[in-house]
Amino acid sequence: MRPRFTALKGVADVLPPETSLWRKIENAAAGVMGAYGYDEIIPPVIEQTGLFLRSIGDSSDIVAKEMYTFTDKGGRSVSLRPEGTASIVRAYVEHNLPVRPAPQKFFYFGPMFRYERPQKGRQRQFYQLGAECFGIADPGVDAEMITMLLTLLDRIGLKGLSLELNSIGCKECRPAFKERLKGFFGPHLNELCPDCQRRHEQNPLRILDCKVERCIEIRKNAPLISETLCQDCKDHFSGLLGYLDAMGAAYVLNPHMVRGLDYYTRTVFEVKGGAGLGAQNAVAAGGRYDLLVSEFGGPDTPAIGFAMGMERLAGLLQGEAAVPGPVLFIASMGKEAAVEALRMAARLRDGGTRVELGWGGSLKSQLRRADKINAGNVVIIGEEELMSGRFKWKDMRDGSSGEGGREDIFKQFSQAK
RNA sequence: GUGGGCGUAGCUCAAUUGGCAGAGCACUGGACUGUGGCUCCGGGGGUUGUGGGUUCAAGCCCCAUCGCCCACCCCA
């Protein structure tokens, strides 16, 4: 058998039992975020292309070469969302949510699309679980959100993660830093790798992120953003660190961390996973974006958010996918018995019990199947049982057995275990 | 977009100098007429990713193409 159709490159089916792991993550996340006052928002996955050009920045790779963009039948340029924040901000402004009391807090979950070459931890369609908080500039909100994220990851069961922090300044102080960087790297331009030579023009901050050894060597004495921050940004960052210290949150300052999206200001952070993730090891990342709401036509509104990559989270929990709980299996022999089995199953299922039916074959083969699917118990319905109204059951784990009437069976197995 | 690795059954892999495409696991049926697991026996499953070339003969050699994986770029 050869499949006539296969999934597109870079997209993947999530199958059981992994789906149950996803569900677990979603539920845990919704629980924690709910406690922090976040409510779910469900934006569309498709938007005007211009929305992403304005927010992410048209020079970023995401916009420049990774968007699924096409013209719809009305001649409009539309794009599948490559990230979530832009849509949330659009909705926040469009529905005039700034008039609601600050802070307004939302979380979302869904697929994102980027036309990239797939590799470990990276797909063209991938799922993000994210949160956004609008309306408060105080660094305490940054700390609160980061704390929530760490709590969430812990609740999901992830260990060995590290939180990295940086401040990339604001409209006032970042341009100056960029100039200082350009000035510093200028004399070394021909020693830098080809990528960094390009970065020197397009986005000098990225040179700080390069993995090439020579570039790492050269940048050792490069100016630090922390020295160049304006007073307000410095205060904000030290305020954040103070709150985090008070909360006992562990973090690593990474003065070289840059984020890929243009809209970030001040606080940026990233949570990196341990082994097993490959080169793409950030499981969550985010930052403050104090200018984006006004950029979208809303009032000046400070905001901060983050997103987690579902596939990467699930990847770290591999092997912990829960197998379905014990089920009750009803074996039946003959048509009348099958009818009885269906009736009994319907009633038990109403009670929440997971029931599988045998559907013919010898009793032996039905039992074999019950064993294969890890059934906890089997109820047997044949001629004898139909005549007597008493049904035999067998515990598949210890081999014990018994019998009883319909009500006995119902009582014994109707509670989901 | 760039670089490297790999494509044989659902999965993991064999197949000698080019010579009948196989095994284990999984699935399925039976041995055991209504009682699973263990054992034994049987069965279904393949255009060897695809297309071309060389050859009496190609899973194997050559060319092309597609797909998957990993890394770069970039990013969750």
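Below, chain A is the first sequence line, B the second, and so on; all start at residue 1.
- Note: NZ (A/K120) to C1' (B/rG5) measures 15 Å, nearest angstrom.
- Using a 4.0 Å heavy-atom cutoff across all strands shown, A/E383 reaches at least one base atom of the nucleic acid.
- When the P atom of B/rG34 is taken as reference, atom CD of A/E336 falls 19 Å away, rounded to whole Å.
- Taking the side chain of A/L261 as heavy atoms from C-beta on, and the options B/rG3, B/rC73, B/rA76, the nearest nucleotide is B/rA76.
- The minimum heavy-atom distance linking A/L240 with A/P139 is given by the pair N-CB, 3.6 Å.
- The two residues A/F126 and A/P82 have their closest heavy-atom pair at CZ-O, 4.0 Å.
- With respect to A/E47, the salt bridge (charged side-chain N to carboxylate O under 4.0 Å, His left out) criterion is satisfied by exactly one of A/R81, A/R54, A/R90, A/R76: A/R90.
- At a cut-off of 3.5 angstrom, the base of B/rC74 holds no donor-acceptor pair with the side chain of A/R114.
- Between A/R124 atom CZ and B/rC68 atom C1' the separation is 13 Å, expressed in whole Å.
- With ring centers used as reference points, A/Y38 lies 6.0 Å or more from A/F107.
- Of the residues near RNA chain B, A/G382 and A/V271, the one whose nearest nucleotide (by heavy atom distance) lies more toward the 5' end is A/G382.
- Partners of A/F269 according to the ring-ring contact (aromatic ring centres under 6.0 Å, His included) rule, which considers only residues two or more places apart in sequence or in another chain, do not exist here.
- On a pure distance criterion of 3.5 Å, a polar donor-acceptor pair joins the side chain of A/Q119 and the base of B/rC73.
- No engagement by A/A370 is indicated, since no non-hydrogen atom pair under 4.0 Å with the nucleic acid exists.
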Enumerate the protein-to-nucleotides 35-37 of chain B contacts in which both atoms are nitrogen or oxygen and the separation is below 3.5 Å.
unit_1: B/rG36; atom_1: OP1; unit_2: A/K364; atom_2: NZ; d: 2.5
unit_1: B/rG36; atom_1: N7; unit_2: A/K394; atom_2: NZ; d: 2.8
unit_1: B/rG36; atom_1: N1; unit_2: A/M396; atom_2: O; d: 2.5
unit_1: B/rG36; atom_1: N2; unit_2: A/D371; atom_2: OD1; d: 2.8
unit_1: B/rG36; atom_1: N2; unit_2: A/M396; atom_2: O; d: 2.6
unit_1: B/rG36; atom_1: N3; unit_2: A/D371; atom_2: OD1; d: 3.3
unit_1: B/rG37; atom_1: O4'; unit_2: A/D371; atom_2: OD2; d: 3.2

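- When each of A/G278 and A/A282 is assigned the nucleotide of RNA chain B bearing its nearest heavy atom, the one mapping closer to the 5' terminus is A/G278.
- Within the 4.0 Å cut-off from OP1 or OP2 of B/rA76, not a single side-chain nitrogen or oxygen of A/Q123 is found.
- A/K211 has a side-chain polar atom (N or O) that falls below the 4.0 Å cut-off from OP1 or OP2 of B/rC73.
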